Amino acid sequence: MKEVGFSYLDELNAVQRQAVTALDGPVMVIAGPGSGKTRVLTYRIVHLLNNNVPPYQILALTFTNKAARELKHRIEDVAGGNANKIWAGTFHSLFARILRVEAHRLDYPNDFTIYDTDDSKSLINEIIKTMGLDKKAYNSGAVRSRISSAKSNLITPKMYAVNEEMQSYDRMNRRPMLFKIYEAYVNKCKRAGAMDFDDLLLQMFRLLYQNPDNIRSKYQEQFKYVLVDEFQDTNFLQYEILKLLVIYENSANNICIVGDDAQSIYSFRGATIENILQFTHDFPETQTYKLEQNYRSTEHIVAAANEVINYNKKQIQKKIWTEKDGGQRIKIIKAMTDNEEGRRVADTIVEQKNRFHLSSNEIAILYRTNAQSRVFEEHLRRFNIPYKIYGGLSFYSRKEIKDLIAYMRLSVNEKDDEALKRVINYPKRGIGTSTIEKIRQLADDNEVSMWECLSQIKFSARAATSVGKFVQLIKTCQEKAKTETAYAVAVYISKNSGIVTGFKSEGTIEAQNRVENINALLDGVQEWVEDDVLEEGEEATSKKGLAEFLQTISLMTDQDDSEKEQTEAVTLMSVHAAKGLEYKSVFVVGLEENLFPSYMALSSPEQLDEERRLFYVAITRAEQYLTLTHSNSRYQFGQMRFNDPSRFLEEIPDANVEASISIHRQKDVIGTPKKLQGMFKPLAKTRALAMDPKDFKPNAMKDLKPGMRIIHLKFGEGKIKDIDDRNVATIIFNKLTENPEKRIMLQYAKLQIIE
DNA sequence: GTAGTCACTATTTGA
DNA sequence: TAGTGACTAC
């Protein structure tokens, strides 16, 4: 471990230090906004390591990849190399990792497919259709979320069928057959060797609960220290899993949860605050620490936030305070139209940039719904202010990408019916709906996957050749997938499936874009295959095959991409997306009744409280300048609507608000609209090479010895510090300022000895 | 198999 | 308004 010259404990305030050093037994940390939550979590783990807890005994769970990554990086910064052995990641990714090893005990293949939301919906649609149900009443999205919430509450299809509460709710919504859909859905996923996102949790629960081969104690013994970030966002099922891991005879109950009930904004997704309240009941000896000092915002902002959240009755009492006295008061802008709102926000941004010397990436515009972004885009463009938008269609949800990935999935798991349906006739190869329907019917009757039926059906002569060709294509891919790298198979698919050829013959710009996207995916696969750097937690034995590639991307979203963070631009995003972030200047826009709070929430006090917490999250993102805007009228659903100012505006004390300024008419500034948003965002990160590849002659693995100076194609010069028994070298690259130490897998490494 | 038309709906979003 | 999905007609 890296020597720590200073004591990291000195960087903490009294409460933070207590929360960090109370290592034994259950601990609950209630962390207000800007109170150094991640710092506490980081240092607590570092403190565990310094107290000789082996890193692999630490399980740190987060909700997003981004949070997980940040946590790992910060631990690495303080503790150095050992950090990568910590089990830190999202609930879903870590459980998926465990299930890749244990799934066979639950009668799943270990290389099970992960169905994303689209796969689930399409499967549900198919079930609805075959059951002959009304598509309008049985909206696939609604059905999916019912099933999801059933799973998250450990209600099996059988229990669902006899659960009076669920049943009466469904009858009320004219969906009495939902329990049947649920049953069929579960069976079909199972048959396809597929788990949906909820299954990653549910099957993990089953594994521990049913305890085949006494597997539970294996993980109880492994994870001696459990930490959970954003605990207020956990659902019932997640908490049940945590309890199975932590509660057992003679357990030390070393579980630490960090969260803030006031920032719980995901109840619509099944998160329940009850878990926080329940925690102290389940663990009576819990030590509770409240982090109440806010290091982020100035006094007016903190005061307003405190006042607003007080309107919510049900909450853990705490008083957030700051040492940053005074500062700017909150500015409220009243506009007549949504267009004027956009213009005045852009005006104010220009003004702030000049007066306070803010750079664009210190500014964010936060809205309740993504649809609101357009007006702000238009006006920012007029001023030539660069901006970046979060949300919207991600790279992986593009059709052409999903199609190509479907081929890959099928090559790894032929039972994957969703993938099969996607590509059996894409590109068109003459396998029409009637043929597909025949296959599906037979699969249903025999309760097997569609793939298994392909060889048994007597097709018409024309269909038979088409099906035969398709089967041959997939079989070739399967063979290749066994021996070759993911990149080789991906290239084979793109060349031989006909997808790219089809686009090229189209010749439109649209098609051209799609080809570029596919190329970007291929580049991404190649980069992944050639990447010889071990990520934190990655095993040195990991192969570079298709199955492994699919595993790494199945739980990835490109929401979390670092390129966006570095560009100098104003951020536009929904309030939900802004959670955990901070900006010098924040604009919360569209503060009107029916919009924020949303009209969907007006009827229930619970949902209104959640809207208020959402508003609380929004205003506490601001460090120094907070501007709130509302408009008299705006276009909603294609109609002009008139909304009153939001009730939340009235809840802000006058003392914290800037005296209202008269509305000054502003002449429109005409600027050249500049295209700032590239439609296409390549997956591959381009990194400058350290030297010309032509001059580069990598040495064989056996020649590499510790102490040697080497050159790496990407990272440049470095010194081999150590090579372990798995041929993983620890190399220090002096050019890299952050994390100069990298773990390099020598079997894939491109290293040239220089002395 | 596909293009064109019509009807419908409309938060937030992680993995 | 805008985007999607389903149905119809060729």
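None of the values given here were measured: they were computed from a predicted structure. Both backbone and side-chain heavy atoms feed into the values below; hydrogens, waters and symmetry mates do not. Residue numbers start from 1 in every chain, and the chains themselves are labelled A, B, ... in the order their sequence lines are given, proteins ahead of strands.
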(Q) Is there a side-chain contact between Asn65(A) and the phosphate of dG14(B), meaning an N or O under 4.0 Å from OP1 or OP2? (A) no
Q) OP1 or OP2 of dT12(B) sitting under 4.0 Å from any side-chain N/O of Asn370(A)? A)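 Asn370(A) to dT12(B) OP1/OP2: side-chain N or O found under 4.0 Å.
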Q) Taking atom types as they are modelled, is there a donor-acceptor pair under 3.5 Å from the base of dA15(B) to the side chain of Thr64(A)? A) no
Length of the [atom1]-[atom2] vector between [X] and [N], whole Å:
{"X": "Phe615(A)", "N": "dT11(B)", "atom1": "CZ", "atom2": "C1'", "value": "17 Å"}
{"X": "Glu610(A)", "N": "dT12(B)", "atom1": "CD", "atom2": "C1'", "value": "9 Å"}
{"X": "Arg269(A)", "N": "dA15(B)", "atom1": "CZ", "atom2": "C1'", "value": "9 Å"}
{"X": "Lys399(A)", "N": "dG5(C)", "atom1": "NZ", "atom2": "C1'", "value": "15 Å"}
{"X": "Arg144(A)", "N": "dA15(B)", "atom1": "CZ", "atom2": "C1'", "value": "11 Å"}
{"X": "Asp229(A)", "N": "dA15(B)", "atom1": "CG", "atom2": "P", "value": "13 Å"}
{"X": "Leu591(A)", "N": "dT12(B)", "atom1": "CG", "atom2": "P", "value": "16 Å"}
{"X": "Tyr390(A)", "N": "dG14(B)", "atom1": "OH", "atom2": "C1'", "value": "16 Å"}

With sequence neighbours excluded, tell me which residues meet side chain to side chain contact (heavy atoms under 4.5 Å, CB included) with [X].
{"X": "Val412(A)", "result": "Asp111(A), Leu546(A), Ala547(A), Leu550(A)"}
{"X": "Glu582(A)", "result": "Arg296(A), Glu623(A)"}
{"X": "Lys243(A)", "result": "Tyr239(A), Glu240(A), Ile247(A), Asp282(A)"}

(Q) Between Thr620(A) (side chain only) and Val617(A) (backbone N and O only), is there a donor and an acceptor less than 3.5 Å apart? (A)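 Side chain of Thr620(A) to backbone of Val617(A): a pair is present.
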Q) Is a donor on one side and an acceptor on the other found under 3.5 Å between the side chain of Glu102(A) and the backbone of Ile98(A)? A)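 No, because the side chain of Glu102(A) does not come within donor-acceptor range (under 3.5 Å) of the backbone of Ile98(A).
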Would you indicate what [X] reaches in the nucleic acid, counting non-hydrogen atoms under 4.0 angstrom: base, sugar-phosphate, or nothing?
{"X": "Ser598(A)", "value": "base"}
{"X": "Gln372(A)", "value": "nothing"}
{"X": "Ser554(A)", "value": "nothing"}
{"X": "Phe63(A)", "value": "sugar-phosphate"}

Distances under 3.5 Å only, N/O to N/O: pair up the protein atoms with those of nucleotides 2-4 of chain B.
| residue | atom | partner | partner atom | Å |
| --- | --- | --- | --- | --- |
| dT2(B) | OP2 | Lys428(A) | NZ | 2.4 |

(Q) Under the rule for side chain to side chain donor-acceptor pair (under 3.5 Å), what residues qualify as partners of Ser267(A), not counting sequence neighbours? (A)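 Checked Ser267(A) against side chain to side chain donor-acceptor pair (under 3.5 Å); matches are Glu610(A).
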Q: Please identify each residue that fulfils side chain to side chain donor-acceptor pair (under 3.5 Å) with Arg269(A), with sequence neighbours left out.
A: none
For residues 400-407 of chain A, please give each side-chain donor-acceptor pair under 3.5 Å, one per line with the distance, not counting sequence neighbours.
| residue | atom | partner | partner atom | Å |
| --- | --- | --- | --- | --- |
| Glu400(A) | OE1 | Arg514(A) | NH1 | 2.6 |
| Glu400(A) | OE2 | Asn517(A) | ND2 | 2.8 |
| Lys402(A) | NZ | Asp116(A) | OD2 | 2.8 |
| Lys402(A) | NZ | Asp118(A) | OD2 | 2.9 |
| Asp403(A) | OD1 | Arg422(A) | NE | 2.8 |
| Asp403(A) | OD1 | Arg422(A) | NH2 | 3.4 |
| Asp403(A) | OD2 | Lys399(A) | NZ | 2.7 |
| Tyr407(A) | OH | Tyr426(A) | O | 2.6 |
| Tyr407(A) | OH | Arg429(A) | NH2 | 2.8 |

Q: Return the 5'-most residue of the pair His92(A), Arg368(A) with respect to DNA chain B, ranking by each residue's nearest nucleotide.
A: Arg368(A)
Identify which nucleotide among [options] has an atom closest to any side-chain atom of [X], counting heavy atoms from C-beta outward.
{"X": "Ser574(A)", "options": "dT11(B), dA15(B), dT12(B)", "result": "dT12(B)"}
{"X": "Thr90(A)", "options": "dA15(B), dT12(B), dA10(B)", "result": "dA15(B)"}
{"X": "Thr117(A)", "options": "dT11(B), dT13(B), dA15(B)", "result": "dA15(B)"}
{"X": "Thr369(A)", "options": "dA10(B), dT12(B), dA15(B)", "result": "dT12(B)"}

Report, one line per pair, each donor and acceptor closer than 3.5 Å where one atom sits in a side chain of residues 586-601 of chain A; sequence neighbours left out.
| residue | atom | partner | partner atom | Å |
| --- | --- | --- | --- | --- |
| Glu592(A) | OE1 | Arg634(A) | NE | 2.8 |
| Glu592(A) | OE1 | Arg634(A) | NH2 | 3.4 |
| Glu592(A) | OE2 | Ser631(A) | N | 2.7 |
| Glu592(A) | OE2 | Arg634(A) | NH2 | 2.6 |
| Glu593(A) | OE1 | Arg647(A) | NE | 3.3 |
| Glu593(A) | OE1 | Arg647(A) | NH2 | 2.6 |
| Glu593(A) | OE2 | Arg647(A) | N | 2.8 |
| Glu593(A) | OE2 | Arg647(A) | NE | 3.1 |
| Asn594(A) | ND2 | Asn643(A) | OD1 | 3.3 |
| Ser598(A) | OG | Met600(A) | N | 3.0 |

Q: Would you please determine if the base of dT12(B) is stacked by Phe268(A), with stacking meaning a centroid separation under 5.5 angstrom and planes under 30 degrees?
A: yes
Q. Got more than 12 heavy atoms from elsewhere within 6.0 Å of CZ, Arg174(A)?
A. no
Q: Fit a plane to each ring of Phe63(A) and Phe91(A), take the angle between them on a 0 to 90° scale, and name the class: parallel (under 30°), tilted (30 to 60°) or perpendicular (over 60°).
A: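 Because their plane-to-plane angle lies in the 30° to 60° range, the rings of Phe63(A) and Phe91(A) count as tilted.
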Between the protein and nucleotides 1-4 of chain C, which nitrogen or oxygen pairs are less than 3.5 angstrom apart?
none

